[in-house]
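Accompanying notes for the structure given below.
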2 protein chains.
Amino acid sequence: MVAGDTAKRNLTKVRILDATEQLVAEQGFDSVSLRDITNGAGVNVAAVNYHFGSKEKLYEAVQCRYINPVNEERLELLEKVLAEGGGVREILEAFMRPFLTMVTRSKMSEQLFFKLMGRCIMDHNASLSEEMIPLFRQMSGAYTKALASAFPEMPVDLLLWRLHFSFGVMANTLLHGDVLIKFTDGACGEPDFETNVQRMVDFCYAGFVAEGGDPR
Amino acid sequence: MVAGDTAKRNLTKVRILDATEQLVAEQGFDSVSLRDITNGAGVNVAAVNYHFGSKEKLYEAVQCRYINPVNEERLELLEKVLAEGGGVREILEAFMRPFLTMVTRSKMSEQLFFKLMGRCIMDHNASLSEEMIPLFRQMSGAYTKALASAFPEMPVDLLLWRLHFSFGVMANTLLHGDVLIKFTDGACGEPDFETNVQRMVDFCYAGFVAEGGDPR
DNA sequence: GTCTATAAAGAGATAGAC
DNA sequence: GTCTATCTCTTTATAGAC
């Protein structure tokens with residue numbers, strides 16, 4: 001195999017991934033057919049099964065493409081925050097900011113990219129990919145531990161639910177931020193995600209330190 | 001038409017609704033076929049189209065069956081809270097508690113019922129039914145107004161986003177509460193929804209009164 | 001590695017008998 | 001109001017030519 005073959009193979013593969021993430025962001029995992037995808041990518045219908053094995057595996061590739069780097073960056077940022085003696089606010093920011101870093105790696109608009117991310121973390125019908133579970137467990141374990149250190153007197157179950165609540169705040173903003181904008185006829189403004197990260201961190205930080213908590 | 005006919009027609013219709021909500025709660029709107037439904041209900045395949053017109057309209061009926069009463073009860077509770085001079089905490093509780101009232105009207109287990117509710121408010125692929133939009137707008141308008149009175153100095157856009165965050169907390173708990181339980185191997189406990197409502201109210205109340213807010 | 005052609009299964013919907 | 005039988009369309013996947 002020569003370099004040109006690899007380049008061409010990767011081109012087709014990447015075209016499929018790009019088309020899939022665009023269509024999935026717009027319509028959801030369950031509403032997109034292989035023909036939609038191959039038409040969008042300008043490749044033959046058989047190409048998906050040749051390059052990915054099945055539609056399901058293509059979907060796993062789409063999910064892992066960004067979610068795994070997001071979880072890696074979450075781990076890196078958390079380490080940095082803890083090394084610098086950061087508190088709960090910084091921990092929560094480390095949890096939410098990586099989506100903002102990752103958007104620059106995609107060809108999609110910010111709005112569509114966040115929609116895709118929301119679908120990846122919320123549409124558990126379309127197979128929560130096995131390939132992302134270990135990293136996800138590691139990441140959530142590290143954050144749980146960090147928050148448990150910050151709130152030594154908070155019962156673990158309460159802490160886990162508050163982390164889950166924070167996850168819900170973020171996921172709903174990613175997935176349905178556009179719905180709020182349409183539903184309020186723009187009265188909520190059209191904040192960029194940087195603004196939303198700050199607002200979400202403020203909101204969840206206050207929720208974490210609420211009665212029962214023991215903030216550092 | 002005699003009473004018996006009506007009873008029998010309603011029986012079939014209700015059997016279809018019951019089977020559909022059970023299957024949708026378990027598998028999601030996009031993963032259930034008409035044959036799954038009619039098998040589950042013990043009725044003929046043609047019955048769905050006879051009684052509901054189409055699969056889509058059946059889904060709208062399933063969504064409206066509980067979501068409309070939930071939104072009505074939210075409005076009633078809010079009126080009562082405001083009449084009694086309740087504050088932000090009580091307003092948030094009025095927003096979240098109706099799911100707990102409604103679960104008793106269903107044949108499903110609590111866990112499955114909340115899963116169904118989560119799907120109804122989060123799966124916007126499967127058609128956000130036109131029939132529930134007016135009530136939904138009225139309800140969210142009333143809550144926005146009540147919260148705006150409680151936080152007269154908070155910019156409206158921030159207030160709307162904090163309400164959206166609260167919605168995310170609740171929706172994620174309804175839809176993915178079971179995921180947290182499995183994912184943490186039970187370390188989060190298995191709290192009943194009453195406990196979760198209190199925790200969500202605590203969390204969101206603190207989020208609302210965080211810096212920038214002006215609590216009553 | 002890419003194409004055409006097609007297989008095989010399953011979907012939603014409905015005509016017409018009862 | 002309910003049933004059987006069937007229509008029509010779409011889906012994923014693949015065999016085999018190039």
Side-chain angles (χ1 to χ4, degrees), chain A residues 1-24 26-63 119 123 125-130, chain B residues 1-24 26-63 119 123 125-130:
Chain A
M1 184 187 291
V2 295
D5 291 340
T6 305
K8 194 172 181 189
R9 188 189 61 202
N10 288 344
L11 185 65
T12 296
K13 217 172 163 176
V14 169
R15 286 168 64 85
I16 292 171
L17 279 172
D18 288 345
T20 306
E21 69 182 29
Q22 177 83 24
L23 288 164
V24 166
E26 290 168 356
Q27 303 170 37
F29 284 101
D30 289 329
S31 308
V32 178
S33 74
L34 278 183
R35 275 157 183 83
D36 294 336
I37 290 168
T38 51
N39 283 346
V43 302
N44 188 271
V45 271
V48 166
N49 283 290
Y50 178 79
H51 285 285
F52 292 92
S54 69
K55 188 191 182 187
E56 203 63 20
K57 286 186 187 147
L58 167 59
Y59 276 3
E60 292 187 19
V62 167
Q63 292 178 305
R119 295 196 197 277
D123 282 14
N125 289 346
S127 78
L128 183 56
S129 169
E130 292 291 329
Chain B
M1 183 184 293
V2 294
D5 290 342
T6 305
K8 194 170 183 190
R9 187 189 61 203
N10 288 343
L11 185 65
T12 295
K13 217 172 164 175
V14 169
R15 284 169 66 86
I16 292 171
L17 279 172
D18 288 345
T20 305
E21 69 182 28
Q22 177 82 22
L23 289 164
V24 165
E26 289 167 356
Q27 304 171 37
F29 284 101
D30 290 328
S31 308
V32 179
S33 73
L34 278 184
R35 278 162 183 81
D36 294 335
I37 290 167
T38 51
N39 283 346
V43 303
N44 190 270
V45 271
V48 167
N49 282 290
Y50 178 80
H51 286 286
F52 293 92
S54 69
K55 189 191 183 188
E56 204 63 22
K57 286 186 187 148
L58 167 60
Y59 275 4
E60 292 187 20
V62 167
Q63 292 178 306
R119 295 195 197 278
D123 283 14
N125 289 346
S127 79
L128 182 56
S129 167
E130 292 289 330

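Just so it is clear: chains get the letters A, B, ... in the order the sequence lines come, proteins before strands, and each one is counted from 1.
Inter-residue side-chain proximity for B:T20 and B:D36 is flagged as unmet; no heavy-atom pair is nearer than 4.5 Å. In this structure, B:E60 and B:F52 have side chains that are not in contact, with every pair of non-hydrogen atoms separated by 4.5 Å or more. Contact check for A:V45 versus A:L34: no side-chain heavy atoms found under the 4.5 Å cut-off. Within the 4.5 Å cutoff, the side chain of A:V32 has heavy atoms near those of the A:Y59 side chain. Under the 4.5 Å side-chain criterion, counting only non-hydrogen atoms from C-beta, B:N44 is not in contact with B:T12.
We find that CG of B:D30 is positioned 14 Å from C1' of C:dG12, with the value rounded to whole Å. Between the CD1 atom of A:I16 and the P atom of C:dC3 there is a distance of 10 Å, given to the nearest Å. Between the NE2 atom of B:H51 and the P atom of C:dT14 there is a distance of 15 Å, given to the nearest Å. Protein atom CZ of A:R15 is 16 Å distant from nucleotide atom P of C:dG1, rounded to whole Å.
Residue B:S33 places at least one side-chain N or O closer than 4.0 Å to OP1 or OP2 of C:dA11. Taking side-chain N and O atoms only, B:T12 has a distance below 4.0 Å to OP1 or OP2 of D:dT2.
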Nucleic acid footprint by protein, nucleotides 13-18 of chain D - heavy-atom cut-off 4.0 Å, B for base, S for sugar-phosphate alone | BB----
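Here the closest heavy-atom approach between residue A:F29 and residue A:K55 is recorded as O-NZ, 4.4 Å. Annotation for B:V48 and B:S54: closest pair CG1-O, 4.3 Å, computed over non-hydrogen atoms. B:A19 approaches B:G40 most closely through the heavy-atom pair CB-C, 3.8 Å.
An end-to-end axis angle of 0° holds for the helix from C:dG1-D:dC18 to C:dC18-D:dG1, taken from five base pairs per end and rounded to 10°.
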